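Please read all numbers here as calculations on a predicted model, not as lab measurements.
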Amino acid sequence: MIRSILVGAVASSLLLGTAFAGGTRSFRQTTSREFEEGEATASMILPTGDVVPGMKTARLPLDAAFAWCGALSRDGRTAYFGTGDQGRLYAVPTGSSDTPKKLADLDAAWITSLAVRADGTILAGTTPGGQVFAVNPQTGASKLLVKLPAEHVWALVHDAKSGTTYAAAGVPGKVFAVDAKGASRVHWDSGDKHVVSLFDVGGVLLAGTSEGAMVYRVDVDGRAHALHDFEADEVRAILRIGNVTYLAVNDFDKMSEMASAITTGPVAAKGTRITPSVGAAPAAVGPPRPGQVKSKAAVYRLEDDGQIEQMFALPDGYFTSLVAGEAGEVYVAAGTQGKIYRLAPDRSVALAADLPERQALSLLRVGDGFLVGTGDIGGVYRVRPAASGEASYLSKVFDADVPARWGQLRWTGSANLTFETRAGNTAKPDKSWSEWRKLEAPAQSEGRIGGGISRYLQYRTQLPGKGGILREVTLYYLPQNQRARITDVTLDGGLVAGAAANRTHSAVLKLRWKVENPDNDDLLHRLAFRQEGETVWRPLGPPEPLTRAEFDWNTESVPDGRYIVRVSASDERVTPRDRALDYAFESAPFLVDNTKPDVVDLKAGNGGVAGRVNDDASPVSQVEFSVDGNEWRPASPADGLLDQRAESFTLKLPTLAAGPHVVTVRAYDAADNVGSARLVVTATATAK
């Protein structure tokens, strides 16, 4: 049977005071995922796990909800940003820290595309209404250049050689050619709802569409060739570097009501204008607001021979813009988390900048950095390579689970990295934490962590300028020793009771106990026992301590009775004995019963047999009889209950043939001991 002895008995704890576990432990950071749990400032975490100087960001405020699009002046000294949901044009000096200056207010809700002509005139495409304005870069004076027969102007590119500006439009999805005087003609009809992206390659256009998500090459004569068909919703951005084309492709799980209105038919019939008063971004090329539409996105590399390769994907988000770096890398902006990713020529991907705003919408290459227009809260960020001393890394908060003594900090990477640590006993750093402290006794690539005992620790490091690198960090600590606790003891005294024929008594009790071991130490266990009512504990088990939480006790050598077992656990195997922690658990009393019951006073009469069962240690649990070795049948206790150590019983015999018969009676006690007795009865012939 199974008997469970629950917690609730007396438990004793030994060795008071502070002690530390026997084994030194460590935290180790070496992979990109591990480092990404911290905070990289003006630094990048590469896929290899290396932390290197990255990009420094500085915010320039705009009085707008979204900085949707951008363009550079011909001399590169000024960047222009178009905004929504008020159609304003801002000028940002690229070589100074001056704040953006509002250049013009246009008669439109959204400026969705910009281009600069050879004479410096700024062209601004808008929505709704499909208008293109010409803006004087010195005075900000603006005039309507052309009203296209479309609802949206999503992209503009200017061909300086021919003086033609190409406008990518939506509803319908066409590309219009516009001359200097504003005369327009259809250059190419995509047959799709929108043409959302354009890239000029010497008069040849690369065009991306929505909702079909196709990319085309459109020749100077307006003839188009499909380059690739994506199972997605839009080819949002196109970038050409050498002979390779990069494509930002978005796939939305479902279009918003606003997007559906825009893309389902002619404006007059469906009422598809964007309502700018709600402050929503144009929906045909992205969700109306962050988080309202689930999406996934990818950047593809398209070779001239048609070979396509996915470079990078977002499982939840969308891309908005692509720009080339100075060394052949590609930067891509995400419109859901305000992140800028760097795709290196070796196809590795790193997080280059993480902006507070949720939408990074437009990218412009400026020198060795770039400018970013943001949405959700409109702004422009200057992003440039971090100078010496600007790049840093702040680790996550390391949790030792219990108060610990902190030891050495070791790292691999640049030898001249500087580290500081702080510690405390709250999961989130607060005023109760220590001040930042430099490492004690610093040596090449290591130093000792100062301070006292604490559960939590955090470090930060400054990266030197270009070429600085952090590859791996290891923190050593010694946690306070935690006492192992025994919570439950189970005694298995033999087979579980079932059919009477299967009940077998065993004098071997299998002791099993559960242990809570917070340190996961290799424990040693000792056993002792005493009979209930006694005070002297007697050792149980072999001379050497047990290493497993189990022991089989042969109880034949002890008298029947009720016993208490004490089980102790100690971590002395891994901790010096004078600092080890012990825990002792006393079980509730349990029964040892190895004596079989006596079946006595068997007497025949009145067609049956009566008798009595006596047991010295435990209640009688079952009485049965068999006639001539046949099937066992139950006998009835005199009072109907089997609940005492002495029980009277009667049994009614079946109809027997004339002559002698052997009646065997057997009885079980609560410990499955079995006793038996026989009686010969003689049946007489029944008169006919």
Problem set entry | N/O donor-acceptor pair under 3.5 Å between Asp159 side chain and Gly203 backbone | no
Exercise. Which of parallel (below 30°), tilted (30 to 60°) and perpendicular (above 60°) describes Phe370 and Tyr331?
Worked result: tilted
Exercise. Once the angle between the rings of Trp68 and Trp110 is folded into 0 to 90°, is it parallel (under 30°), tilted (30 to 60°) or perpendicular (over 60°)?
Worked result: perpendicular
Problem set entry | Residue of the set Glu234, Gln359, Lys294 for which side-chain hydrogen bond (donor to acceptor under 3.5 Å, both in side chains) holds with Tyr318 | Gln359
Exercise. Just checking, is any N or O donor in the side chain of Tyr393 or Gln462 under 3.5 Å from an acceptor N or O on the other one?
Worked result: no
For this session: Carefully, step by step, assess Glu34 and Lys396 under the rule salt bridge (Lys or Arg N to Asp or Glu O under 4.0 Å).
Result: CA-CA 9 Å; Glu34 290 164 345; Lys396 71 172 186 178; over 6 Å; no
For this session: Check step by step if side chain to side chain contact (heavy atoms under 4.5 Å, CB included) holds for Leu156 and Leu198.
Result: CA-CA 7 Å; Leu156 292 172; Leu198 284 181; over 6 Å; no
Exercise. Are Arg77 and Thr94 linked by a side-chain donor-acceptor pair shorter than 3.5 Å?
Worked result: no
Exercise. Sub-3.5 Å donor-acceptor pair from the side chain of Thr99 to the main-chain atoms of Leu60, do we have one?
Worked result: no
Exercise. Can Arg460 and Glu39 be counted as an ion pair, charged N to O under 4.0 angstrom?
Worked result: no
Exercise. Are Glu303 and Arg301 close enough for a salt bridge, meaning some N to O gap below 4.0 Å?
Worked result: yes
Problem set entry | Set of residues satisfying salt bridge (charged side-chain N to carboxylate O under 4.0 Å, His left out) with respect to Lys339, sequence neighbours excluded | Asp354
Exercise. Do the side chain of Arg217 and the main chain of Arg223 share a donor and acceptor less than 3.5 angstrom apart?
Worked result: no
Problem set entry | Residue list, ring-ring contact (aromatic ring centres under 6.0 Å, His included) with His228, at least two apart or on another chain | Phe230
Exercise. Where the side chain of Ser210 meets the backbone of Asp233, is there a donor-acceptor pair that is under 3.5 Å apart?
Worked result: yes
